[in-house]
Each structure stands twice: as structure tokens, then as C-alpha cells.
**Q** 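First, the structure itself, so that you have it in front of you.
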There are 2 protein chains.
Amino acid sequence: MSVRERKERERASRERLIVATARELAEQKGWDAVTTRQLAERIEYSQPVLYSHFRGKREIIGAVALEGAAEMAAALRAVTSAADGPRVRVTALARAYLDFAERNPAVYDAMFQLDGGLAFAREDTPEPLKDAFAALLENLGEVAGDGVHPALFTETFWAALHGLATLTRARRLPPEDTERRVELLVDRLVVV
Amino acid sequence: MSVRERKERERASRERLIVATARELAEQKGWDAVTTRQLAERIEYSQPVLYSHFRGKREIIGAVALEGAAEMAAALRAVTSAADGPRVRVTALARAYLDFAERNPAVYDAMFQLDGGLAFAREDTPEPLKDAFAALLENLGEVAGDGVHPALFTETFWAALHGLATLTRARRLPPEDTERRVELLVDRLVVV
DNA sequence: GATTCGATCCTAGCACCGCTAGACAATCAA
DNA sequence: TTGATTGTCTAGCGGTGCTAGGATCGAATC
């Protein structure tokens, strides 16, 4: 059975290569440049190989999104665990969120802008997505204020961050004042 | 010169037809279905005719975006002028904004998600876009609170609305609680 | 009224896209 | 060694945005 196992390992390894390469290509040249042909050439296999791992391009985007969600959750927890006081934590959280979006625009798009075929806010939502939301909830729930449901507050705060991230990157908002917008958001929304 | 003028009128009329048809098609079947072939067939001309009016698909999206911006500005002013008291006005504004986004998803995408080749937040920004932002600023500036720049406040509030609109439509947020999220946003952000 | 000539529009085609059928080669079991 | 199975590739389908070049048509001139 060891031969079979080796093959399975190799196959899993190639799948990771596909996802990593798609991500890399997307960050370098944008998702438009992530064509099945380009991707196949970069991994040095033919196009149909991609379809033996994923149903199509959509699923590849979804895989990148899941990878990104796990990273984002880790990044958020890293900064919030190092901050003490709810107010300081939330500020750090907001900055880390926007920082992640800015540093990984393609991954962020895969998560929240593109269609990766993933289900959000449901029971069958993939674990990494649930966990990323949980990372937000952990820090935002405690500053929701009396009578405001923690999840609802988290959703609203998240939406505001998402709006800042996307409008800024789409050049709809000038990037200079991002920090002041974050401060305003935290000042007004957070109840300490 | 009357012949020339008639031709110019017809040409302008055809241009409006292209934009209106693109918008209609986008709302019916999504922007992916707005291909130059589909569009050409619907207006009953050949593909190259499109390129005698617009540089390419991007510019057509841009034209739809401008049309949408003018409409949105009008819609926002319509509801805010009928509401008295800053607080009530802002609530009405927020609802009208999200309502516009929900009723005209393709137009909203053209304005804020897709690349229509338009410049935002600059001197050379097209007038309809400036005016749509102005419609927000008119109502939001007065509730920014002391020491907070009206434009900065408007940008932040807008970003929050944009986040709600896009995450909800992309099924990242459950649609049921939209109203409560808006209330929370207005409650916390607005200073009366 | 016939004829030129320029504007206008269409046919045909380019290089690319996502995706897949079917041929082929490599590997395994008997 | 043979036969079946698995894996991968080549080639191709119908689609995309966009454009070159020829046909057509109508206005202006003789």
C-alpha cells in the first residue's frame, strides 16, 4: 500500500502547488491573468490536470480563499492577543484587517469579492471561514454594548472595514486618510 | 447643415440605446452576459458599431456607472428632502442607499465594483460621481460631530454602507438583519 | 441626372478564454 | 508477459474582446 500512499502524497502536493501558484499569479498580475493555460504552464503540467483536482477555475479561487481565511484569522489573533484592553484590541484588529487586505489584495478578492463557490454564514460554511469570523467576534463581541447582539455588531463592524478596504483599493477613496477613518470608526462604534 | 445635425442626433440616440441596453442586459443576466456580441445583437447592429461609440467594454460600463450615479444622487435627495431632522434624514439616506444598491445591482457594480475607467475622488472626476458624493455629504456633514471633518465622516459612513451593500449581495451577510445593522450604524456614528 | 467620393457599416478573423473528448503512455495485477 | 487501469497529453469546441479591410450607401459635385 505504500505505493498508493506515495501517489496520494504526490497528488496532494501537486494540489497545493496549484493553489499556491494561482495565488502567486493572482497577486502578481491580478485574477484576470490567472487563466487555466497560464496556471498550467507555471505548474508545468497540461490544462486538464487542473480539472482532475478542481471542478473549474471557481473552485481554485475557493481554495485560495480558504487558505486566505485561515491566514487572516491567524493574523488577527496574533495582534489582538498582544494588545490589552478591549478598545486597544479593536483598534489593532481593524488595522490588522485592513493591512491584510492591502498586502494580499488577490486573496482578499478571492475571499470576499469573487465567486469561489463557497457558502457563507450558514451551517455548511467551511471551517476556515467560520473561524475567521470567529476571530472577529472574539474581539468585537465584548465592545458591542448593552442590548446589541455581539454577532450583529461584529457583522456591522466587519462591513464597515470591508467597505474601507474595497473602496480604498478600488481607488474610490483616497488612501491617505485611512488611519483617521479607522479611528473614527472605532471611536464611534466601540462601547467600552 | 440639417442633414449633419440629424445624423448627429441619430448617433447620440444610438449611443443612448447602447448604454440602456447594456444596463438592461446586465440587470437581467449579470455583467458576464454583457458580451459585445450579445449587446450588438440586441441593438441590432454589428459588433464594430460599439467601438465607434466606445473604446471598449470598459467604457460602456463607465457610461452605465455615470447614469447610475446621477440616478442615485436624485434618489438620495428625494428621500432626504422629505425628512426633517438630521437624524431622521441620515436614516432615510442610509435606507435609500441600500435600497438603490439592491434594486440596481448591476448599476451598483458598474459604479463601485467594476472597472469603468473612471477617476474617483480627484479633480477630473466626472460630475455625476462628484454630485453623488455631494448628495451624501449634504446630509452626513451635519452629523459628523465636533472636530470631525465632514468629508472624512462622509467617506467613513459611505464605506460602511458600501460594505453592508456588497457583503449582503455577495451572500456574505444574511439579508434579514440589514435593517438592524443600519440602525446600529446610525445610532453609533451620527452625532446629533 | 450621372458620377465621384467619403462616411458608415459589416464580414471575417485574430489571439485568447474555460473546459473536455479521446488518444496515448506508463504502471500495476495476474 | 499480458491485460487492465490509471494518468496525462494533444487537439479541439464554442465562447470572449477587439480590429482590419472590403462593401455599400448617400451626399455633393459636375
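Proteins come first, then strands; the chains are lettered A, B, ... in the order of their sequence lines, and each starts at number 1. Please read all numbers here as calculations on a predicted model, not as lab measurements.
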**Q** Provide, to the nearest angstrom, the distance between the CD atom belonging to B:Glu15 and the C1' atom belonging to C:dC9.
**A** 17 Å
**Q** Taking only residues at least two apart or on different chains, which pairs with a member in residues 104-138 of chain B satisfy ring-ring contact (aromatic ring centres under 6.0 Å, His included)?
**A** B:Tyr97-B:Tyr108, B:Tyr108-B:Phe112, B:Tyr108-B:His162, B:Phe112-B:Trp158, B:Phe112-B:His162
**Q** What is the distance, rounded to the nearest whole Å, between atom NZ of A:Lys57 and atom C1' of D:dG15?
**A** 14 Å
**Q** Rounded off to whole Å, could you give me the NE2-to-C1' distance for the B:His53 and C:dT8 pair?
**A** 11 Å
**Q** Answer with yes or no whether B:Gln47 presents, from its side chain, a donor or acceptor under 3.5 Å of a partner atom in the base of C:dC10.
**A** no
**Q** Can you tell me the distance, in whole Å, between the OH atom of B:Tyr45 and the C1' atom of C:dC10?
**A** 12 Å
**Q** What I want to find out is whether A:Arg87 reaches A:Asp187 closely enough, with some N-O distance under 4.0 Å, to be called a salt bridge.
**A** yes
**Q** Classify the nucleic acid contact of B:Ser46 as base, sugar-phosphate or nothing, counting any heavy atom under 4.0 Å across all strands shown.
**A** base
**Q** Select one nucleotide: of D:dC9, D:dC18, C:dC9, the one nearest the side-chain heavy atoms of B:Tyr51.
**A** D:dC18
**Q** Between C1' on C:dG13 and CZ on B:Arg37, what's the gap in Å once rounded to a whole number?
**A** 10 Å
**Q** Please identify each residue that fulfils side-chain hydrogen bond (donor to acceptor under 3.5 Å, both in side chains) with B:Arg89, with sequence neighbours left out.
**A** B:Glu142
**Q** When you measure from the side-chain N and O atoms of B:Arg14 to the phosphate of C:dC9, is any distance below 4.0 Å, counting only OP1 and OP2?
**A** yes
**Q** Send over the distance from A:Glu44 CD to D:dT8 C1', rounded to a whole Å.
**A** 15 Å
**Q** Does B:Arg11 or A:Gln38 map to a spot on DNA chain C nearer the 5' end, using the closest nucleotide for each?
**A** B:Arg11
**Q** When you look at B:Val107 and B:Glu71, which way does the side chain to side chain contact (heavy atoms under 4.5 Å, CB included) test go after all the steps?
**A** CA-CA 10 Å; B:Val107 173; B:Glu71 274 179 41; over 6 Å; no
**Q** Are B:Thr36 and D:dC18 close enough that a side-chain N or O sits under 4.0 Å from OP1 or OP2?
**A** no
**Q** Mind calculating the distance between CG (A:Leu25) and C1' (C:dC17) to the nearest angstrom?
**A** 14 Å
**Q** Any side-chain heavy-atom pair from A:Trp31 and A:Gln113 closer than 4.5 angstrom?
**A** no
**Q** Rounded to whole angstroms, how far apart are CG on A:Leu50 and P on C:dG18?
**A** 10 Å
